[in-house]
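The structure appears right after this line, and notes come after that.
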2 protein chains.
Amino acid sequence: MLLALQRATHRTLQALSGELAELKLSASEINVLGNLADGRPRSVRELSRDTGTRATTLTGILDRLERRALLSRELDAQDRRSFRIALTDQGREAAGTVHAAIVELERHALAGLSDQELASYRAVVAALQEVF
Amino acid sequence: MLLALQRATHRTLQALSGELAELKLSASEINVLGNLADGRPRSVRELSRDTGTRATTLTGILDRLERRALLSRELDAQDRRSFRIALTDQGREAAGTVHAAIVELERHALAGLSDQELASYRAVVAALQEVF
DNA sequence: TATTGTTATACTCTATAACTATA
DNA sequence: TATAGTTATAGAGTATAACAATA
């Protein structure tokens, strides 16, 4: 069950980065952009929670995305230890493409499953996220 | 939905390798041992399918596990291009511990969910695996 | 000719611990 | 003292292409 989860994650990530090949994004970069696609800026800590990636790993990923001008780190005036990671215009476009590819892959993979099955799936995945 | 899948995978892997800290296994090594835990030897190709890891990546993982005497590569007499990856006695013990930790983590995380929800979950994960 | 698995290379991800700045 | 985020280091995972051996 957990092993199937890993298998499915690997497979869908490979399929996704194949479809997004022209964007030259790694799996983690896709993950970050996919999460930021809603347009809401996040702190590193929050992004770490959302992606399941450690802050120390995120630093390098964000460095690369910032260097490619897809996102920016803006100082948070409320807490000056912290940044707000925000998409640039270019990043918004890339994130939009990522989001569309995710939606399309889901639509394709999940056609034929009932709403009820999908709701149950979401409940189980949510439960697995709470293992800590 | 796909993003939640990745998040859940990251989280459960981190929880697992935390619980298995004394075995000093990486997430991928845990994944390989968990799959081999049923005792059935597999070719690299088959293990690649089961784990969602590419053959080229698997080579290094198997090298390390073989060096630690947890598994062996036996020549396959039927197809001499291929190996049969089999657990050693020591590997069987480690794989048993991994398997037990997975079962326990699932039991803990999934308590309170109905059989029907779990069945739906399995159906969705199976569908996601078929994206290729 | 196609497939199995490995190697080579360069890059990305990860864990751990130590560190700076701010709270 | 605690938290946010980065850096440093060493090791592990990845993609890609090329390769040897076997089918």
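So that the names make sense, note that chain A is the first sequence line, chain B the second, and so on, each numbered from 1. Basis for what follows: all heavy atoms, side chains included, without hydrogens, waters or symmetry-related copies.
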How long is the line joining [atom1] of [X] and [atom2] of [N], in whole Å?
| X | N | atom1 | atom2 | answer |
| --- | --- | --- | --- | --- |
| B:F83 | C:dT3 | CZ | P | 19 Å |
| A:R73 | D:dA4 | CZ | P | 16 Å |
| A:L65 | D:dT6 | CG | C1' | 17 Å |
| A:L62 | D:dA4 | CG | P | 16 Å |
| A:L75 | C:dA23 | CG | C1' | 15 Å |
| B:L13 | C:dT14 | CG | P | 10 Å |
| A:L58 | C:dT12 | CG | P | 15 Å |
| A:I61 | D:dT14 | CD1 | C1' | 13 Å |

Taking only residues two or more places apart in sequence or in another chain, which ones pass salt bridge (charged side-chain N to carboxylate O under 4.0 Å, His left out) with [X]?
| X | result |
| --- | --- |
| B:R67 | none |
| B:D115 | none |
| B:E74 | none |

(message) Quick check on contacts: within residues 19-50 of chain B, what sits under 4.0 Å from DNA chain D by heavy-atom distance?
(response) B:S26, B:S28
(message) Assuming nearest nucleotide by heavy-atom distance, tell me which of A:T53 and B:S82 is located more 5' along DNA chain C.
(response) B:S82
(message) Considering only residues two or more places apart or on different chains, which pairs with a residue in residues 87-96 of chain A satisfy side chain to side chain donor-acceptor pair (under 3.5 Å)?
(response) A:D89-A:R92
(request) Tell me, please, which residues at least two apart from B:A119 pass side chain to side chain contact (heavy atoms under 4.5 Å, CB included). (result) none
(message) Tell me every residue that passes side chain to side chain contact (heavy atoms under 4.5 Å, CB included) with B:A4, counting only those two or more places apart in sequence or in another chain.
(response) A:V125, A:Q129, B:R7
(request) Taking only Lys NZ, Arg NE, NH1 and NH2, and the carboxylate oxygens of Asp or Glu, determine whether B:R84 and B:E46 approach each other closer than 4.0 Å. (result) no
(request) In plain terms, say whether A:E104 and A:R107 are close enough for a salt bridge, that is, a side-chain N and a carboxylate O under 4.0 Å apart. (result) yes
(message) Base, sugar-phosphate or nothing for A:T59? Non-hydrogen atoms, less than 4.0 Å.
(response) base
(request) List the protein contact pattern of nucleotides 15-23 of chain D with one symbol per nucleotide (5' to 3'): B for base contact, S for sugar-phosphate-only contact, - for none; contact means a heavy-atom distance under 4.0 Å. (result) SB----BBS
Compile the donor-acceptor pairs under 3.5 Å between side chains in residues 56-63 of chain B and protein atoms, sequence neighbours left out, one pair per line.
unit_1, atom_1, unit_2, atom_2, d
B:T59, OG1, B:A55, O, 3.2
B:D63, OD1, B:R73, NH2, 2.2

